[in-house]
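Atoms within a ligand are numbered from 1 in the order they appear, just like the ligands themselves. Below, all heavy atoms of this structure are taken into account, side chains as well, without hydrogens, waters or symmetry copies.
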Amino acid sequence: MNQMAIAFSKLQSQLNKGCEYKDCFYSNCSSKVINAHSIQNNKILNKISDDGDVLGIKVKINKFGFPKPTLERIGRKKASTFLGFCNEHDTNIFKPIELYDYKIGNKEQEFLFAYRALAKEYNTKRTVKNLYEKMLSLSKEELIDLRKFCGIPIDIGLNDYKKHLKLISRGTNESIEKLESLKIPMNINLGKDKFYKIESKVIELPEEYHIAVSSLFFIEWDVEGNLINDLIYYKNIKPIFLTIFPQNQKTFIIMSYLQQHKNYFEFIDNQILNRALEKQKVIVSNMVTLYVENVYLSPIKWESLSEKEKRDYLKLYDMSLFSKPNSLLVDPKMDIFI
Ligand SMILES: [Zn+2]
């Protein structure tokens, strides 16, 4: 690593320090949080790991001040963790999915996968918010340093740089508001066992693939290019919860949404589930690449891909960070079920 890179990574870790959001996601709980897994460590991450590592997306702030993903080895004990539950709630809430295999149609398990994905996403967004707030609170001298370390040309004035940081920060705040409005009802539904409030569509693949996903996101366009979520006006936003994992020689893809939104998700039946299994895999691969950050792959399986396949995956990922193409099916060859 050259001097500049060392200095930059120091600055980055300094910035990250203290930004991690720590709070138990369960209603009104103020107990001390632990490092909770959003994907089962022993059952799933273990299965796809090599020498204790899995491959995960690491998002760094690149030299233009944008978050930029890379794929890196990460210890499975740390992978997918977040400071979002106290020990008691992490242990007790998730027993039905930690201790028992998933069975298609088990409403409680499907609800819990969705609930955990929401908790993780909420925590991540709050952490990002803290990070940008910290960047915005830097003194003039520190901001000059940050701009220099990020390699931003000096002719981009500090005010413009600040404006740009503010813009990203505002986008994060909008997503947090949406997640906040899901947190309350999801906790109420959990407390009252109203698991039917989450509906799920499941794909069962007859093979164990080395991929694990736990995520929540807002799909902009369906496979045929119809608008599902208008992210410009952020009105009536409809999340999808996606969980993928291998289990007993099979791989399960669980796509969940709020029962009240079911009319908006008919495309899952009409445009995904009615196709051949191979095509379903391609569409879900596109969906994961376009929208998911909390995804883990087997390092060995990834290495076995061709350079072109690896490049295509990262390219699509990168491309979609700030604006999504107007279809869920961009690359007809994409297949991350490895
Ligand atoms: Zn708690």
Side-chain angles (χ1 to χ4, degrees), residues 16-46 54 56 74-102 106-131 133-134 172-173 175-198 200 212-217 237 239-243 245 254 256-259 292-296:
N16 284 332
K17 209 178 280 169
C19 285
E20 221 171 347
Y21 184 75
K22 303 172 194 172
D23 194 27
C24 179
F25 189 77
Y26 191 70
S27 316
N28 303 321
C29 173
S30 52
S31 304
K32 191 174 175 284
V33 290
I34 56 157
N35 242 334
H37 271 93
S38 59
I39 296 171
Q40 290 99 310
N41 180 19
N42 289 326
K43 261 165 68 178
I44 297 168
L45 293 174
N46 186 26
V54 291
I74 167 168
R76 72 174 172 91
K77 289 207 171 82
K78 215 182 147 219
S80 93
T81 59
F82 64 117
L83 295 164
F85 285 105
C86 68
N87 191 26
E88 186 201 328
H89 289 126
D90 189 46
T91 311
N92 292 329
I93 291 174
F94 301 108
K95 267 184 188 155
I97 49 175
E98 287 288 341
L99 303 182
Y100 304 95
D101 279 351
Y102 167 64
N106 184 315
K107 290 298 234 181
E108 182 178 17
Q109 289 180 319
E110 287 164 357
F111 180 95
L112 291 174
F113 283 125
Y115 178 80
R116 184 143 72 177
L118 171 65
K120 163 83 169 115
E121 189 57 25
Y122 180 81
N123 189 279
T124 304
K125 283 286 181 319
R126 296 295 294 231
T127 297
V128 172
K129 175 185 160 82
N130 290 348
L131 180 65
E133 271 172 7
K134 194 167 177 185
T172 309
N173 288 344
S175 338
I176 290 171
E177 268 174 42
K178 297 300 161 199
L179 297 176
E180 202 84 62
S181 71
L182 288 169
K183 181 182 175 184
I184 299 163
M186 283 293 274
N187 269 318
I188 293 174
N189 293 336
L190 175 69
K192 293 185 172 173
D193 288 359
K194 288 187 170 179
F195 305 126
Y196 65 88
K197 292 277 187 183
I198 289 289
S200 302
V213 166
S214 166
S215 188
L216 169 161
F217 46 92
I237 220 85
I240 190 162
F241 307 84
L242 180 67
T243 305
F245 56 88
I254 310 173
S256 308
Y257 46 84
L258 303 186
Q259 185 198 38
V292 177
E293 206 175 280
N294 198 31
V295 51
Y296 297 93

Could you walk me through whether Phe195 and Tyr115 pass the ring pair (Phe, Tyr, Trp, His ring centres under 6.0 Å) test, one step at a time?
CA-CA 10 Å; Phe195 305 126; Tyr115 178 80; 9.9 Å; no
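Under the rule for a side chain to side chain donor-acceptor pair (under 3.5 Å), Lys197 has no partner lying at least two apart in sequence or in another chain.
With waters left out, the protein N, O or S atoms under 2.8 Å from the Zn ion (ligand 1) add up to 4.
Listed for the Ser80 side chain is a donor-acceptor partner under 3.5 Å among the backbone atoms of Ser38. A donor-acceptor pair under 3.5 Å is formed between the side chain of Asn123 and the backbone N or O of Leu83.
The nearest pair of heavy atoms linking Tyr21 to Thr127 is N-OG1, 3.0 Å. Of all non-hydrogen atoms in Arg116 and Glu98, the two that sit nearest each other are NH1-OE2, 3.1 Å.
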